[in-house]
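Below is one structure, written out as structure tokens; comments come after it.
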Number of protein chains: 2
Amino acid sequence: MRDLPPLTELRAFEAAARHMSFKLAAAELGVTPTAISHQIKLLERHCGQPLFRRRPRPLALTWAGEQLFPVVRDGLESFREVLSTVRDGGASGRLRITATNAFAALWLVPRLPKWREAHPSLKLDIVGTDAIIDLKTGEADVAIRYAVKPPADGVGSELMRDTFHVVASPSLVGAEERLLSPAELARFPLIEAEWPPTDTHAPNWRRWQRAASVQYRAVPDLSALASLTFREELHAIEAAIAGHGVAICSDVLIAPELASGALVTVSQITLPGYGFYLVYRDDHPKLVSIKAFIAWITLASAVPQAPAEIPTNTG
Amino acid sequence: MRDLPPLTELRAFEAAARHMSFKLAAAELGVTPTAISHQIKLLERHCGQPLFRRRPRPLALTWAGEQLFPVVRDGLESFREVLSTVRDGGASGRLRITATNAFAALWLVPRLPKWREAHPSLKLDIVGTDAIIDLKTGEADVAIRYAVKPPADGVGSELMRDTFHVVASPSLVGAEERLLSPAELARFPLIEAEWPPTDTHAPNWRRWQRAASVQYRAVPDLSALASLTFREELHAIEAAIAGHGVAICSDVLIAPELASGALVTVSQITLPGYGFYLVYRDDHPKLVSIKAFIAWITLASAVPQAPAEIPTNTG
DNA sequence: AAGTGTAGATGAATTCATTTCATCTACACT
DNA sequence: AGTGTAGATGAAATGAATTCATCTACACTT
């Protein structure tokens, strides 16, 4: 005996159980009530016991019917939903873009007005997360990943790379731009974002100190002195803008602030960052839209961003 | 267009996706690989896009296929499981009995050796819970409910009723059995179990006090004096046995202790309790086993329980 | 009590979805 | 170049699903 009966039987049963009526189930499925009666009879034979109590009216589910109904109903409903998603997969005029929190907030979202000008009918849903979303799940159409090397779960291309600079607010270090020695830096609160513990090449104070040791004979243990560590790179940047300390920041993320003077570099020693990679699946039903986005963001990354307005009050 | 394609197509797709092979899917389903090819072609037409990448080998799921596969796989698996449950519904040599915690622990479980003597091949799973399990869910085959009136979700019959007595350990009130006035009772810690706040007729000290006021002119506010309240009736009983105070307890649950002298009644004022009701569905596939259990427990309730051994050390 | 209407049951006949058969294609391997 | 394999395709065959015709068991009305 097959482990599953013909699924036609389950569909008939589910409709009849939902309506508590063979006649209404027949109407819904576009067959005669006789077809429903036959299908349910077959399913009851398969189960070895009745699924409905026919008399007295109205119909009622038996114990077996009660066990079966919610499972079949939920299963068929999940089929409908996913089939609808798949059918509409190429139709919806929206793309779901995932990017790291900081990149989404500081680089991508500020440029969305330009995107809208270029593509008014193609909406973007931006999902900021530092977690890696596997494109196979369908949770995102395009991913912008910050990584050491190109990702492997789709077509990947490098959008840009960044460089980490030591920066501070003029309110902290003075209006005139001047470079500070490591010993001078050590006098300020040092700000950095957290990186995965396994990332030994992270552009943080520890790595900067190693780089500084090449030029300076006596470099303080800046890593131990770092006193303001943020889970979100975004928050580290905000703290630096607010004048809370000296920070190591990605030039991609603080380009507007560097341009406006809200942040100034205070050391010529910089650290190469990683790459921003675009990833998508080339069998995606929205490939045309995805390629339009790829083209746009590639162009956008070649255009300097406007200087940031210097905020007069930071919350 | 129907909201669901023929489910034969989904079954073919799921098997092919699971095996990553039309040939192996065909073997599993007992058809030719051509049948699988046709079925999947039809499903792809329904979805408006391919579900498999055929070349290069091996087969791979497309984006649409990746969306569809886990949902269909899980749905079909849940169908298999519930159909198996329903098919085996009457075959399994076990009954699942649910009862209140106290009744299960103090009345039913102690009698299971007698049950095993009478029905060695019919295993019982006892589920102690003070929550009401709706028999429709199939989580229990028989319910023993403690309630004011017979339940309505199945065939119900009253097993027995109980009476609440004021009792204490001889270690607390002395070896000779004597009755205490309300004022004398108030000198001891008073123990009771919690009842639902909405149950205004609960057999607790508040209700006992109202009953006592009929015979005694000045009855202390025993409800306010009650200082040991337990979520579990079982624990209230254990505290009384341990000599921690005077308690109001169901005679059904402490029959062995009353018989052995581990607990003694210290007032002639008693409170009628509620009823213990047996409930089951008469369309249950295990009806024969259920009726055997009903017959046994009805007989067992007419037989006095052996006195409890007086424990020399209570933890 | 008789007549009427309704929902589900049943078996035979019909319809149509599923499957097989025969042949082809596109590789990978020798 | 020859061989083997897995999937593709269209026509034909098979069998599951459905309809048709009739029946049954009520509930309701007269």
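Just so we're on the same page: letters track the sequence lines, and every chain starts at 1.
Salt bridge A:Glu14/A:Arg18: present, at least one basic N to carboxylate O contact under 4.0 Å.
The ring of B:Phe276 has its center closer than 6.0 angstrom to the ring center of B:Phe103.
At the phosphate of D:dT18, neither OP1 nor OP2 sits under 4.0 Å from any side-chain N or O atom of A:Thr32.
Here C:dT14 sits opposite D:dA17 as a Watson-Crick or G-U wobble pair (both hydrogen-bonding atom distances under 3.5 Å). D:dT3 and C:dA28 make up a base pair, with Watson-Crick or G-U wobble contacts both under 3.5 Å.
Of the candidate nucleotides C:dT18, D:dT18, C:dT10, C:dT10 has the atom lying nearest to any side-chain atom of A:Lys41. Of the listed nucleotides (C:dT19, D:dT9, D:dA17), D:dT9 has the atom at the smallest distance from the side chain of B:Thr34. For B:Ser37, taking side-chain heavy atoms from C-beta onward, the closest of the listed nucleotides D:dT18, D:dA25, D:dG7 is D:dG7. Candidate nucleotides D:dG7, C:dA26, D:dA17 were compared by shortest atom distance to the side chain of B:Arg54, and D:dG7 ranks first. Counting only heavy atoms from C-beta on, A:Arg55 has its side chain closest to D:dC26 among C:dT20, D:dC26, D:dT18.
What separates CG of B:Leu42 from P of D:dG7 is a distance of 17 Å, to the nearest Å. Distance CG (B:Leu29) to C1' (C:dT18): 13 Å, rounded to an integer number of Å. B:Ile40 has its CD1 atom 12 Å from the P atom of C:dT19, to the nearest Å. Protein atom CZ of B:Phe52 is 21 Å distant from nucleotide atom P of C:dA26, rounded to whole Å. If you measure from atom CG of B:Leu43 to atom P of C:dT18, you get 11 Å, rounded to the nearest angstrom. If you measure from atom CZ of B:Arg57 to atom P of D:dG4, you get 18 Å, rounded to the nearest angstrom. At whole-Å resolution of the value, CZ in A:Arg53 and P in C:dG8 are 13 Å apart. For the pair B:Arg45 CZ and D:dT9 P, the interatomic distance rounds to 9 Å; values are reported in whole Å.
Classified by interplanar angle (parallel below 30°, tilted 30° to 60°, perpendicular above 60°), the ring pair A:Tyr274/A:Trp195 is perpendicular. Ring geometry for A:Phe293 versus A:Trp296: interplanar angle of 30 to 60°, hence tilted.
Separating the CZ atom in A:Arg45 from the CD1 atom in A:Ile40 is a distance of 13.5 Å, to the nearest 0.5 Å. To the nearest 0.5 Å, the span separating OG on A:Ser21 from CD on A:Glu28 amounts to 10.5 Å.
Residue-level contact check: B:Leu59 touches the backbone only, with heavy atoms under 4.0 Å from sugar-phosphate atoms and none from bases.
For the pair B:Arg111 and B:Trp107, the distance from NZ or CZ to the six-membered ring centre is under 6.0 Å and the angle to the ring normal is within 45 degrees. In this structure, B:Arg73 is positioned above the aromatic face of B:Phe69, its NZ or CZ under 6.0 Å from the six-membered ring centre and within 45° of the axis.
Where A:Pro56 and B:His38 meet DNA chain D, the nucleotide closest to each residue was compared, and B:His38 sits on the side nearer the 5' end.
Taking a 4.0 Å limit (strictly below) on heavy-atom distances, residues 13-24 of chain B reaches DNA chain D at B:Ser21, B:Phe22, B:Lys23.
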